[in-house]
Amino acid sequence: MPSRGTRDVLPAESRVRARIEAAAARLMARYGFGRITTPTFEETEVFVRGVGTSTDIVRKEMYTFTDRGGRSLTLRPEGTAPVARAFAEHGMHKLPAPVKLWYLAPMFRFEAPQSGRFREHWQVGAEAFGSEDPLLDAEMITLLADLYADLGVPGVRLRLSSLGDPATRGPYRDLLVAHVEARAAGFGEEERMRLRDNPMRLFDSKDPHVQEVMAGAPRLADHLSEEARAHHDRVKGALDALGIAYEEDPTLVRGLDYYTRTVFEFTCDRLGAQSGIGGGGRYDGLVADLGGPPTPGVGFGTGVERITLALEAAGADADGAVVDCYLAVPDPALRPGLMPLVRELRRAGVRCESDLRGRGLKAMLRHAAGLGARLCVIVGPREHQEGMATVRDMRSGEQHEVPLGRLVEHVRGAVA
RNA sequence: GUGAACGUAGCUCAGUCGGUAGAGCUCCUGGUUGUGGUCCAGGCGGUCGUGGGUUCGAGUCCCAUCGUUCACCCCA
């Protein structure tokens, strides 16, 4: 059994994942993103400083260990901080901005596993550094929306909000805390902790009493700075121009400390409780927090397993055919001599299989059908004698003979 | 981390009041010379998640543990 919260990805699911990965790679290239691969583990400090000490990720979800050299290392729990670290480390602020980087990598978090939530999961992510332009925010959102559209992910919705900039967030926070504290009589332990660490998250509470208090609480949307409001309006204007539908949700709060201004989240209604399929936002202070030059940035991450789940829920089945052509050689004595033919077919781009278990002809045909072969090529003693091959169409059952010398060409044409 | 449900063959599941483990599907072999997907016959395949306990006897009852699932929380 794989360790709790981890899983084996078998060939059938791997085909779906390959589609997701290919769609992502294609889209990233078109949007001008270069791929980056950062290490699977980093100095713990990168995540503590990057992700923030008030987050669940840092507080209770990291796989942290001490190596033999006494360093504290952590398995990457999220993708943005390491990419920002790499950006700073390699002096990428000298490159023409925005610098666009994308990744496909596993993330590790110590979580309570359930459907759609694992201790190891893969994310496709993208980060763009060096521009505050709201049109960049809109482009990032569009890229992610295009990915879901290309893959045919059903039931996708986009929620959008602005967290404001750090300068105005402090005063708003004080306002919010004051409002809640005056009415926090019936709050439990959990709520009090949130009030202290991240009061905005109280907006998500399911507790009726808390909801009542929060309903009358001041909204960040009404307290944005002039600049933050203008930025947000420009993002929305660009999305409108692009025809990207979104819902404004002032209670949207992402659980990572580095976000500033734009935050967004895509949800999928086929996913149950873990409905978030991807999300991101702007992090204008992150690069500086990690020791780089002050550099604004926007990014997102989206979960490969969750996309797979959504696609499965939509009944998207990957093409089950594993081979195009099956070579059946009834006489065991002829098999070694015909292995080069299988090889030739494969080198000609034909997905080709043959029996490697000592089956009889009948079982070979059954095997060929099981693999979804379109054609079965039979070369028995008689054909071999005459330099011919019998080509059977597995759907119609029709057969005809083809000279062995022209077989590769013939099969390639037939399965193309 | 909290609450709840569930763990029997590769898969989907049945298993009564405790009495020596079953089906369907898959896979394999046959049904007279070298022809699949239908049909027929046969076969492979299970430490009943794991460890204790109760009992003459536990898949079945009890406890613990591990895992999965659902919800909370959080997130992708």
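To find a chain, count down the sequence lines: A is the first, B the second, and so on, and within it residues start at 1. Bear in mind the structure is a predicted one, so any value in this text is a computation, not a measurement. FYI, side chains are in, hydrogens and waters are out, and symmetry mates aren't considered; it's all heavy atoms of this structure.
When heavy atoms are screened at a 4.0 angstrom cut-off, A:Gly397 is found touching base atoms of the nucleic acid. Across all strands, A:Glu111 comes closer than 4.0 Å to base atoms (heavy-atom distances).
In this structure B:G7 sits in a base pair with B:C66, meeting the Watson-Crick or G-U test at under 3.5 Å. Pairing for B:C61 is with B:G53, a Watson-Crick or G-U wobble pair whose two hydrogen-bonding atom distances lie under 3.5 Å. Look at B:C17: it lacks any Watson-Crick or wobble partner with both distances under 3.5 angstrom.
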Report summary line: Expected string for nucleotides 25-35 of chain B under the B/S/- scheme (protein heavy atoms, under 4.0 Å, primed atoms plus P, OP1, OP2 as sugar-phosphate) is ---SS-B--BB

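Under a cut-off of 6.0 angstrom, the local environment of CZ in A:Phe41 is sparse, with at most 12 non-hydrogen atoms contributed by other residues, nucleotides or ligands. Atom CD of A:Glu43 has 12 or fewer heavy atoms from other residues, nucleotides or ligands within 6.0 Å. Within a 6.0 Å radius of CZ in A:Arg343, no more than 12 heavy atoms belonging to other residues, nucleotides or ligands are found.
With the nearest nucleotide of RNA chain B identified for both A:Gly301 and A:Leu271, A:Leu271 has the one nearer the 5' end. Nearest-nucleotide mapping onto RNA chain B: of A:Glu398 and A:Glu265, the residue sitting toward the 5' end is A:Glu398.
Using a 4.0 Å cut-off, no side-chain N or O of A:Ser115 falls inside it from OP1 or OP2 of B:U68. Distances shown here put every side-chain N or O of A:Gln114 at or beyond 4.0 Å from the OP1 or OP2 atom of B:U68.
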Query - Worked verdict on A:Glu111 versus A:His121 for side-chain hydrogen bond (donor to acceptor under 3.5 Å, both in side chains) - result: CA-CA 11 Å; A:Glu111 302 223 43; A:His121 76 278; over 6 Å; no

Report task. Give the C-alpha distance, both sets of side-chain angles, the deciding distance and a yes or no for ring pair (Phe, Tyr, Trp, His ring centres under 6.0 Å) between A:Phe264 and A:Tyr246. Result -> CA-CA 9 Å; A:Phe264 59 94; A:Tyr246 58 87; over 10 Å; no

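For A:Glu61, the side-chain atoms get nearest to B:C74 when compared with the rest of B:C74, B:A76, B:G36. Among B:U68, B:G1, B:A76, the nucleotide with an atom closest to any side-chain atom of A:Ala112 is B:G1.
A distance of 12.0 Å separates CG in A:Leu334 from CG in A:Leu341, rounded to the nearest 0.5 Å.
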